[in-house]
Amino acid sequence: MNMIDFLSRYRQVITGFMLACLPATVALAQDEQLVKDAANLAANKAATTVYNPAVNSSNSVVASPISQLALKAKSGEQEASATISIPVARYLQLSAVLKQTFTDKPSRITPLSLDGLDQGSAAIFSLQVKDLGPRMTDIRQKLKGGDLSIFNAFDAVRTAYATRKGITDAQTIRALTYQSIRDDLTEAEKRQLYTVDLIRPQPFLAGVSASFGKVHYDYVADITAQTPSELTGVNRNFRGYIGWALSYNSVFAASYTYQRKYQTVADDPVSFSYAYSATAGTGLTKDVYLGTPTLATENRFSLEWRQLFSQPTTGLATLGLIPSVHLLTTSKKIATNLTVYILQVDDENKPKGLQGGAAFGYLTTTDYDWQPFVKGVTAEVFISAPLNIFDFSK
Amino acid sequence: MPSLSITTLLSGSTGTLLVMLDSSTVLGSPGSASVPLTTGQSYVVQWYVDAAPGDDYTVRITSPEEARINLERRLKADGKDYGGFRFTA
């Protein structure tokens, strides 16, 4: 049974789960396309989404096949999504995301039907290789330099571990090494060890993804058209990426995306009145795009840096910044973006309550020409999913 | 006068097993050493191992009594381990 079959078979379960959980998850939501370039802001209604807390960053264990349900809100539209993540090997994770955008209250959401993807929905399949589990650094120089910061942090963590485990014998506690306790540390304890650089994340991650989003356009081919025409198609994205974790709060990534999607001459539709029938006169109005949407390809090269900032005293994440730059070689444009996440976390550094922020973008005109700031800039506020800076799968 | 008597072993032929007493290197490679201590003074002993996964290492301190330990471990996948404790001679 392939993934489409699997999703089709269980689509009612997924949809039911989504609908059941929507009220409870209004406060949350899946992210959207973190590296969304400004060129796509208006046209690409089906964005991508992500999961997961800032520090729940290594290989997450998925108890349910549906690992995340979310609702995302931003100006003008909302988006529901369901994510299925399946670890297929120790360092390998397969993910599938179904998304549906809507502009009204979500009375019913059906990302999949017997005909395949429904209008406004998107499916994303990704395979990610990731080994971010903590690895001990080479601390010889620090030890030889008489630096006791590692010992002090480790001793505090070990004492907490022994207390938690009810170990009281002094010699037994002395024999607790990092290796013997590392698999049973709390996030707060790990943070203590990150702070003194006893351990670091494994730096490497990579992956590929493919997304398919169904789009529908009402349009008039030219000004002589008497009635609007319709076009339905599927936008496709294929992406490969490679990333380096600089720390547990910082990751740098480069990616290439091949896009094949429909585009319109103008970003926004216009109101069009037309006759219901040849004898009934003017009777209907519809928002339409001027000109026939055309299928275009784009090659996008992106560089992205994801950085979390924490409170110095508590070490808890409070702010996430994601600057990125995108080179669109086919349309000869450059897009720059800055996404700001306001993070709310609990004592374990896991997200709680509303997560959201703002996204700002600037896009050049064709031939990489800079345009006046007021023309090239875009901005939006969103309420979205917790940011996981290591998740590039969607 | 008390002394720190320590022996370290590493099963593989290559790798690092470093033992520090405060800021002094007691053992830079597997072996034995004896270091005089001052009664009533506090010390920190630390060790760092970097060898092949699956290798065994031993840290054995027979004196002083306050620092006695007989540790034998097999290195996991990343081949590294760290430990240490504070004691008063």
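Lettering of chains follows the sequences in order, A, B, ..., and the numbering in each one begins at 1. As the structure is a computational prediction, the values presented were derived from the model and not from experiment.
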Check whether A/L198 gets within reach of chain B through its side chain, its backbone, both or neither, counting any heavy atom under 4.5 Å.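 When you check distances to chain B, only side chain atoms of A/L198 fall under 4.5 Å.
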Residue A/I139 versus chain B: region with a heavy atom under 4.5 Å: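 When you check distances to chain B, atoms from both the backbone and side chain of A/I139 fall under 4.5 Å.
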Toward chain B: residues of residues 153-172 of chain A with heavy atoms under 4.5 Å: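 Under the 4.5 Å heavy-atom cut-off, A/F154, A/R158, A/Q171 qualify.
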Considering non-hydrogen atoms only, spot the tightest contact between [X] and [Y] and give its length.
X      : Y      : result
B/K76  : A/Q179 : N-OE1, 2.8 Å
B/E65  : A/R174 : O-NH2, 4.1 Å
A/M136 : B/D78  : N-OD2, 3.9 Å

For residues 35-61 of chain B, please give each side-chain donor-acceptor pair under 3.5 Å, one per line with the distance, not counting sequence neighbours.
residue : atom : partner : partner atom : Å
B/Y43   : OH   : B/T38   : N            : 2.8
B/Q46   : OE1  : B/Y82   : OH           : 2.6
B/W47   : NE1  : B/Y57   : OH           : 3.4
B/D55   : OD2  : B/A52   : N            : 3.4
B/D56   : OD1  : B/R74   : NE           : 2.7
B/D56   : OD1  : B/R74   : NH2          : 3.4
B/D56   : OD2  : B/R74   : NH2          : 3.1
B/Y57   : OH   : B/D81   : OD2          : 2.8
B/R60   : NE   : B/N70   : OD1          : 3.3

Checking B/I69 against chain A: side chain, backbone, both or neither under 4.5 Å from a heavy atom? both
Is B/T16 close to chain A through its backbone or its side chain, or both, or neither, when contacts mean heavy atoms under 4.5 Å?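 Only the side chain of B/T16 comes within 4.5 Å of chain A.
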Hey, are the side chains of B/T25 and A/R140 touching, using non-hydrogen atoms and a 4.5 Å cut-off? no
Does some side-chain heavy atom of A/F151 sit less than 4.5 Å from a side-chain heavy atom of B/R86? yes
side-chain contact (heavy atoms from CB on, under 4.5 Å) between A/T137 and B/K80: does it pass, once the steps are laid out? CA-CA 9 Å; A/T137 58; B/K80 293 178 181 175; 6.0 Å; no
For the atom pair CG (A/L143) and OG (B/S23), what is the distance rounded to the nearest 0.5 Å? 11.0 Å
Heavy-atom pairs under 4.5 Å with chain B, option from A/T177, A/D138, A/D147 with the top count: A/T177
May I ask you to decide if A/A175's main-chain N or O and B/R73's side chain share a donor-acceptor pair within less than 3.5 Å?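 Checking the backbone N and O of A/A175 against the side chain of B/R73, a donor-acceptor pair under 3.5 Å is found.
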